[in-house]
Amino acid sequence: MKKDKEILKKVTALKEELAAVSEAHLEACMNKANALLSSLYQQYDFTRTIVHMDMDAFYAAVEMRDNPSLANIPMAVGGEDMLSTSNYIARRYGVRAAMPGFIARKLCADLVIVPTDMAKYSAVSRVIRSVLSQYDPNMTPLSLDEAYMDFTDHLVKRRELDDQSRTFPEFSETMCRCEPEERLGVVSSTEGISSAVGDGVADVPNLNEDNLQNSVATDDTRILPSATNSDTEPSEARIMKDTTVSTDTSQCPRCNMPHNPKRILFDVGVEDAVREMRHRIHLKTRLTASAGIAANCLLAKICSDQNKPNGQYMLPFTVDAVQDFMKDLPVRKVPGVGKVSERQLAAFDVKVCSDFYKHRDVLYFLYSGGMFEYFLSVYLGLGANRLSKNEDGPKSKSVERTFRGMSDPDQLRTLCHELSLELAEDLKSAKNLQGKTVTLKIKLVTFEVKTRSQSLPTATNDGEDIYNVANQLLTTEMKNCSSKPLKLRLMGVRMSNFTTSDSKQQKLKVIRDTNSTPSDKRISFLDKIEAERKSEKVNQSCNEPLGLLAYMSTDKPIGTTSNISNAGRNVSTKLSSVWDESGDVTTRKTGKIIELLEGASNTDPWSLADSTSSSVATIPSDSTVKTATKYGPLDFYRSSKSGALDPWAKDDSSSLGGF
DNA sequence: GCGGATCAC
DNA sequence: TATGGTGATCCGC
Ligand SMILES: Nc1ccn([C@H]2C[C@H](O)[C@@H](COP(=O)(O)OP(=O)(O)OP(=O)(O)O)O2)c(=O)n1
Ligand SMILES: [Mg+2]
């Protein structure tokens, strides 16, 4: 592939850089790394018991459950174009998620592809979460089929539970699988028969036995029933096959199936608690789950993969066990290390996690701060041991669509409009979110991806507002490569930069006080001027005028590239802020703009021309210009220490009310 | 703030 | 013949 070559190119460039570096430098890197390492080493914390659970072949399993004819054949969920996942039979042929259907068929001619049904998976997910919540009400879902839980509190409470509340019916397709509380009083009829039952229920072949050697006995509540404090391994209790058969033949009034006289008793230790949770998921959904148990989220997540499918793995809560586990773990198993990182790391002989340590000097040199620290912390097996709060909502929302090559501008615009309106609807249904940054994403037929974004001075979730901006970005792109047709295979629109409760709407304010506080980076054109000054290495003296700010009326939306001309000069500038008649910033088209033109003269006439106009130095006679009639200059100074003055301010009494 | 990349699911 | 959609993050500028 072409991508492969690019990665390799980057790697060789880095290698050259590395070769050019002195040994002393590398030694310094080593010292830095060691310092970081010893500070990280302090951070081991085995006080929490974190569980990560992950459904097996989730979408595929749901479809197999609902259509038994799919149960024993290779199948996948998705479309002819792209697969979302595959069942374990198909995986034997190499059929994987994110694989185009037609390639999958080359690997497996008999593959059956079932269309995705997200609504169904969401519903199943809710059922699963209802079970998980009983083990940790603060459970944090990562996706429909995956969640972190902190079992620490549950395990304490669990010691007080009686056997009955840890007893559940064995799985059977044809018998009642209702929860005890759902069975109401019926449980009493089988009282006293809660004997243990083994693993390996017939309907669910346990493809991967849980690793038993891992269950080292300690006096930790995580592992043993504290009540007995016995050395017996928890699963052993259940491995005894003395199933008791009840004479109870009554039917569950809820599911109309006979009660299952076979019961499984789970002990109070962690591993049985997690088995119990998985079993209850199975009872409720007829789907299997895998789980990992460890001291933090990182380890738990990695562990949940160890005995997949339908298995679980507990990593003992000791430094030795953790380091031993990490030592030979391929870096690709580490969350955050994907295909590309794996390649890059491999190029520097980093293949397993202990290589993070072995090559720490080189990695320190190659990677920047955050990533390097992450690598070392991963090597040590460190990770978050508190579940992150269930957040402040999404940080972005987007809609995108893939289609067959399209280049007709009208068609593209129509699509852009559709996407914008859909996005607006999404935003409104998502707590009426409003955002400031609109991003247009396009993918060329060559698969090259580009994003173009523009931040508005105020937040919106209006479909036409979004379209105004997105369409501008699109227009700019089409113009930008006008030589070619700009043939797209995908278009997307994203909104981000959502307003938080404290953010007030900006209003226009004129400041002439040179002692005022320096501005932050809100004003892009001020930054631009700064940058230009710096690049020219011109040292401006204090209070020297940089230019004139023109503000004038426009009927063009934000994002429009316009030319402001004056005194024979002109600048091409993207309209970044538009105010309505009352001085409020607006996302709508008609309003006032304010832009900077260096070296402009107040005695010469100004003009504003839309970028569609070919002539900028003179005033064209199209309608755009006719609306650009109102203008006025504004002196713009730079203050001594502070950099640029801030002619804007958040909501303030001196806002201009109309010009 | 912007744009490219990478990643997860 | 044919290569997804959504959301997040990081880096470098
Ligand atoms: N590139 C991907 C990966 C996954 N998914 C969806 C389909 C999966 O069923 C679901 C869960 O993802 P997992 O990574 O957990 O994969 P599975 O659950 O399918 O399989 P596994 O048994 O490996 O967990 O997310 C997707 O749409 N696109
Ligand atoms: Mg899964």
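Here the straight-line distance linking atom CG of A:Asn87 with atom CG of A:Asp56 works out to 11.5 Å at 0.5 Å rounding. The CG atom of A:Leu423 sits 8.5 Å away from atom NZ of A:Lys397, with the distance rounded to the nearest 0.5 Å.
For A:Phe102, whose side chain is taken as the heavy atoms from C-beta onward, the closest listed nucleotide among B:dG4, B:dC9, C:dA2 is C:dA2. The side chain of A:Lys339 has B:dC7 as its nearest neighbour among C:dT3, B:dC7, B:dC2. Checking B:dC7, B:dG1, B:dC9 against the side-chain heavy atoms of A:Leu142 singles out B:dC9 as nearest. If you check C:dT3, B:dC9, B:dG4 against the side chain of A:Asp81, the one that comes closest is C:dT3. Which of B:dC9, C:dG4, B:dG3 sits closest to the side chain of A:Glu146 comes down to B:dC9.
Within the structure, the ring pair (Phe, Tyr, Trp, His ring centres under 6.0 Å) test picks out the following pairs touching residues 92-127 of chain A (sequence neighbours left out): A:Tyr59-A:Tyr121.
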For nucleotides 7-13 of chain C, read 5' to 3', which letter fits each nucleotide if B means a protein heavy atom sits under 4.0 Å from the base, S means only the sugar-phosphate is that close, and - means neither?
SSS-SS-
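Judged as a salt bridge (charged side-chain N to carboxylate O under 4.0 Å, His left out), and not counting sequence neighbours, A:Arg91 has no contacts. Checked against ring-ring contact (aromatic ring centres under 6.0 Å, His included), A:His417 has the following partners two or more places apart in sequence or in another chain: A:Tyr467. Listed by chain and residue number, A:Glu342 satisfy the salt bridge (charged side-chain N to carboxylate O under 4.0 Å, His left out) test with A:Arg332 (two or more places apart in sequence, or in another chain). Not counting sequence neighbours, A:Glu425 has no partner by the salt bridge (charged side-chain N to carboxylate O under 4.0 Å, His left out) test. Looking at residues two or more places apart in sequence or on another chain, you find no salt bridge (charged side-chain N to carboxylate O under 4.0 Å, His left out) involving A:Arg360. Remark: A:Phe365 engages A:His25 in a ring-ring contact (aromatic ring centres under 6.0 Å, His included) (not counting sequence neighbours).
Atom CD of A:Glu80 is separated from atom P of C:dA2 by 14 Å (rounded to the nearest Å). Between A:Lys441 atom NZ and B:dT6 atom P the separation is 13 Å, expressed in whole Å. A:Lys308 has its NZ atom 11 Å from the P atom of B:dC9, to the nearest Å. Per the geometry, CZ belonging to A:Arg332 stands 10 Å off P belonging to B:dC9, to the nearest Å. Taking atom CD1 on A:Ile113 and atom P on C:dG4, their separation rounds to 14 Å, with Å as the unit. Between the NZ atom of A:Lys450 and the P atom of B:dA5 there is a distance of 11 Å, rounded to whole Å. If you measure from atom CG of A:Leu419 to atom C1' of C:dG5, you get 12 Å, rounded to the nearest angstrom. In this structure, A:Ile103 places its CD1 atom 9 Å from C1' of C:dA2, rounding to the nearest Å.
Contact check, A:Arg489 against C:dG4: a side-chain N or O comes under 4.0 Å of OP1 or OP2. Listed pair A:Ser453 / B:dC2 meets the phosphate criterion, a side-chain N or O lying under 4.0 Å from OP1 or OP2.
Residue contacts shown for A:Lys301 are limited to sugar-phosphate atoms, with no base heavy atom under 4.0 Å away. The residue A:Ser341 sits close only to the backbone: its heavy atoms come under 4.0 Å of sugar-phosphate atoms, none of a base. Within the nucleic acid shown, A:Val438 has no heavy atom closer than 4.0 Å to any nucleic acid atom. Here A:Ala98 lies in heavy-atom contact (under 4.0 Å) with a base.
Distance check on atom C1': C:dG4 versus B:dC7 gives 15 Å, rounded to whole Å.
For the contact set between residues 400-407 of chain A and DNA chain C, defined by any heavy atom under 4.0 Å, the members are A:Glu400, A:Arg401, A:Thr402.
Ion pair A:Arg452/A:Glu477 flagged as a salt bridge, since at least one NZ, NE, NH1 or NH2 atom sits closer than 4.0 Å to an Asp/Glu carboxylate oxygen.
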